[in-house]
Undergrad: 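Here you go, one structure.
Each ligand, and each atom within it, is numbered from 1 in the order the structure gives. Sequential numbering from 1 along the given sequence is applied to the chain's residues. All values derive from a computational prediction rather than experimental measurement.
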Amino acid sequence: MGAITVNTLAERRRAGERFACLTAYDASFARLLDEQGVEVILVGDSLGMVVQGHETTLPVTLDDMVYHTAAVARGARRALIMADLPFLGDADPATALAQSGALMRAGAHMIKIECGATQIPVVERLVDAGIPVCAHLGLTPQAVHRMGGYRVQGRDAEAAAQLESLAGRLEKAGAQALLLEGVTEGLATAVARAGDVPVIGIGASPACDGQVLVIADVIGLTPNPPRFARDFLAEGGSLAGAVRAYVGAVREGRFPESGVHTFS
Ligand code: KIV
């Protein structure tokens, strides 16, 4: 099996085949995920909570992201490595370009940006420079204070229409994947069906092409895991078994379950 690229993800979408994504922050977990067939490893700024013990992702720096991306890149062989731009790394196109360059040099294959309309020129600049972008929209954790907490987005008709339109504009700007977090299932399903690029969901919809979870939530390490997550350790019996069970459940459309891991 060859390395997973943005083309592989696009082919999976065209073929109607789902793919699995999980976070990792170090070489050992990256190797584990890679060996169990996870297609996309996300070096998420959730490391601020999972690894560093912060309340939010805001304290995570570019140096932190570079350090963990390099560690993950040393552990993975086949998976596509996606790295987060940290808080304010997307404040303007020049800053985003410099920070994304550092992450790509550390071993990332794709950069994930938490997006509003302001980030459209940022996406265009990175794509122009040859950097593949995944646009993260909906519940964007770096905006936790603006949202007044980790709240499901797109619940009223106007907000849903704005989010749907933003997804289209980001795709037009060149984003090669979208990541939808914490939006209603109906909205997530509409976005997943509308465009042409692969859509990864978390607390979104089974209709998404890929699913992502934070690794700590999958292996029972999070004290109060979010409702959209599922602990696969009991059924998997080991760390490798848990990751394998997650990959199987995503590919076969058994995770997420509509109404259980989604929002109305
Ligand atoms: O940082 C992260 O792990 C993420 C996922 C929750 C999608 O952005």
Undergrad: Does Glu252 have more than 12 heavy atoms from other residues, nucleotides or ligands lying within 6.0 Å of its CD?
TA: yes
Undergrad: Heavy-atom count check: over 12 atoms from other residues, nucleotides or ligands less than 6.0 Å from Arg155 CZ?
TA: yes
Undergrad: For Thr69 and Tyr67, run side-chain hydrogen bond (donor to acceptor under 3.5 Å, both in side chains): C-alpha distance rounded to whole Å, both residues' side-chain angles, the deciding distance at 0.1 Å, then the answer.
TA: CA-CA 6 Å; Thr69 300; Tyr67 174 90; over 6 Å; no
Undergrad: Could you tell me whether Arg31 and Asp34 have a side-chain N and a carboxylate O separated by less than 4.0 Å?
TA: no
Undergrad: Short N or O contacts of ligand 1 with protein, under 3.5 Å, listed by atom name?
TA:
unit_1   : atom_1 : unit_2 : atom_2 : d
ligand 1 : 1 (O)  : Asp45  : N      : 3.2
ligand 1 : 1 (O)  : Asp45  : OD1    : 3.1
ligand 1 : 1 (O)  : Ser46  : N      : 3.0
ligand 1 : 1 (O)  : Ser46  : OG     : 3.3
ligand 1 : 1 (O)  : Asp84  : OD2    : 3.1
ligand 1 : 3 (O)  : Ser46  : OG     : 2.5
ligand 1 : 8 (O)  : Lys112 : NZ     : 2.8

Undergrad: Quick one: which of Leu85, Val122, Val123 gives a side chain to side chain contact (heavy atoms under 4.5 Å, CB included) with Ile111?
TA: Leu85
Undergrad: Within the distance-only criterion (no hydrogens, no angle test), does the side chain of Glu185 pair as donor or acceptor with the backbone N or O of Ser264 below 3.5 angstrom?
TA: no
